[in-house]
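The structure appears right after this line, and notes come after that.
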Amino acid sequence: MPVLVMKFGGTSVATLDRIRRAAKRVGREVANGYDVIVIVSAMSGETNKLVGYVGETSPLYDAREYDAVVSSGENVTAGLMALTLQEMDVPARSWQGWQVPVMTTSAHSAARIEEIPTDNIMAKFGEGMKVAVVAGFQGVSPEGRITTLGRGGSDTTAVAFAAAFDAVRCDIYTDVDGVYTTDPRIADQARKLDKIAFEEMLELASLGAKVLQTRSVELAMRYKVKLRVLSSFEEMSDEAGTLVCDEEEIMEQNAVAGVAYSRDEAKMTLISVADRPGIAAAIFGPLAEAGVNVDMIVQNISEEGRTDMTFSCPIDQVARAEKAMDEAKESGEINFREMVADTNVAKISIVGIGMRSHAGVAAKMFSTLRDEGINIKVITTSEIKVSVLVDRKYMELAVQSLHDAFELEKA
Ligand code: ADP
Ligand code: ASP
Ligand code: MG
């Protein structure tokens, strides 16, 4: 039997009633002749609650125990989904990550999937089981401990299973009916895309569009998984949702495909560091070792051999960054006068493979923000994206005005 992977996110399994609705969809795909692997998230709000418990218990927690706690939400929904399917006379069984086993690295709270053996589940399909329900977001380390894949990681579980089982498709069911030109929750004019290229989706995801976890897009691109995003609240149809696919499959192409934002950014500045060969290595080496994900970097002009170095990182890594820099200063590796953290910024990005062949896209972005009176604090560009840091209070306005300026509501 061909294998189909169906992933249900938190809102799609938020109540027993919603689990029943999701199970009905699964039942219909079984009736269509598929062996189905269902990947479930925790009920919505559950993982946040568990993360909160950990933080309250131990602010500088042991990541192994964090994983032990936060992975548990998915165990509940996996069991409930299997029971619901059984009640509907669909032969189903649940698996936790370690039972498959989903083998991961031991980078707790941000582990990567290394291998998914298929024999266990395939043997069950061979015995007449129709649905394998797998707890998303979790795996097991070489040391035999439970790991998690980072927030939003059930998307990655789903794509990894689709690749391992050579599934016909990986359907990601969520609370919006596809990938939009920007988050439909902050811009009414956002338009649903029928198709989006892997590379654009990869950029949008990594720049904050949380509809798919970045790693899931990477895996889909690498293993040629047919990836579809669709709503678990709408009627089923073959045309529904957004297909994430190769660039060649998309006919018309705007210069900009979408606008992403990330609210959880911080801008850090080291004031008056010595401008000498090796200074960047001396700053960013220790930051990397401390697990700080540095994104944008600006080195200012130097005066009398000293300069300011600015970088951005996720807001919850500010304390770690400060500690790493203080330690580097104490050990004499670097010398700076002061470190300033601005935690009231947001990153706004425009993304599109059409930028490769369109000139003036960045200039249009800057003039649009100027017309709204929004000051740009840091800029970075790559071949298919431009990102800026702005004051967080302008985040929505920036997204909406860029969406208008690039006429993304028009196909
Ligand atoms: P799930 O719990 O199903 O994994 P998520 O909350 O992780 O769902 O992702 C879906 C959300 O992603 C949507 O509710 C939407 O607010 C947000 N989102 C951000 N950017 C986009 C975009 N470009 N297109 C669609 N949704 C987006
Ligand atoms: N439950 C996890 C989270 O909220 C994983 C997921 O839903 O994808 O991050
Ligand atoms: Mg998600």
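In each ligand, atom 1 is the first atom listed, and ligand 1 is the first ligand listed. Numbers here simply count residues along the sequence, with the first being 1. Only this structure's heavy atoms are used, side chains among them; waters, hydrogens and symmetry mates stay out.
Residue F366 qualifies as enclosed at atom CZ: its count of foreign heavy atoms under 6.0 Å is above 12. For R263, the CZ atom counts as loosely surrounded, since its 6.0 Å shell holds 12 or fewer non-hydrogen atoms of other residues, nucleotides or ligands.
Atoms of ligand 1 found under 4.0 Å from any heavy atom of D175 (numbered from 1 in listed order, with element): 10 (C), 11 (C), 13 (C), 14 (O). Atoms of ligand 1 lying under 4.0 Å from any heavy atom of T174, numbered from 1 in the order shown and given with element: 1 (P), 3 (O), 8 (O), 10 (C). Atoms of ligand 1 lying under 4.0 Å from at least one heavy atom of V179, given by number and element, are 24 (N).
Between K7 and ligand 2, not a single N/O pair is under 3.5 Å apart. Taking only nitrogen or oxygen atoms, main chain and side chain alike, T47 reaches within less than 3.5 Å of ligand 2. No N or O atom of G10 sits closer than 3.5 Å to an N or O atom of ligand 2.
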Going through the distances and angles, do E199 and K385 end up as a salt bridge (charged side-chain N to carboxylate O under 4.0 Å, His left out)?
CA-CA 11 Å; E199 284 170 73; K385 71 123 204 266; over 6 Å; no
May I have the step-by-step check of salt bridge (charged side-chain N to carboxylate O under 4.0 Å, His left out) for K377 and D391, ending in yes or no?
CA-CA 8 Å; K377 300 184 155 203; D391 275 334; 3.0 Å; yes
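At the top of the distance list for atom 4 (O) of ligand 1, counting protein heavy atoms only, stands K7 NZ, 3.1 Å. What sits closest to atom 7 (O) of ligand 1 on the protein, heavy atoms only, is K210 O, 3.4 Å. Looking from atom 7 (O) of ligand 2 to the surrounding protein, the closest heavy atom is S41 OG, 2.9 Å. The shortest contact between atom 27 (C) of ligand 1 and any protein heavy atom is with V211 CB, 3.7 Å. Nearest protein heavy-atom neighbour of atom 2 (O) of ligand 1: G10 N, 3.2 Å. Atom 24 (N) of ligand 1 has Y180 N, 2.9 Å as its closest protein atom, hydrogens excluded (heavy atom only).
G73 does not count as a contact of ligand 2, since none of its heavy atoms falls under 4.0 Å from the ligand. Within the structure, ligand 1 has P184 among the residues with a heavy atom less than 4.0 angstrom away. At least one heavy atom of G153 sits under 4.0 Å from some atom of ligand 2. Using a 4.0 angstrom heavy-atom cutoff, G178 counts as in contact with ligand 1.
The proximity of T181 to ligand 1, defined as any non-hydrogen pair under 4.0 Å, does not occur for either the backbone or the side chain.
A cation-pi geometry, defined here as NZ or CZ lying under 6.0 Å from the six-membered ring centre and within 45° of its normal, holds between K364 and F406. Because its NZ or CZ atom is not both nearer than 6.0 Å to the ring centre of F125 and within 45° of the ring axis, K130 does not count as a cation-pi partner of that residue.
Aromatic ring centres of F233 and Y173: separated by at least 6.0 Å.
Counting heavy atoms only, E74 comes closest to atom 5 (C) of ligand 2 of the residues E74, M43, E46, R151.
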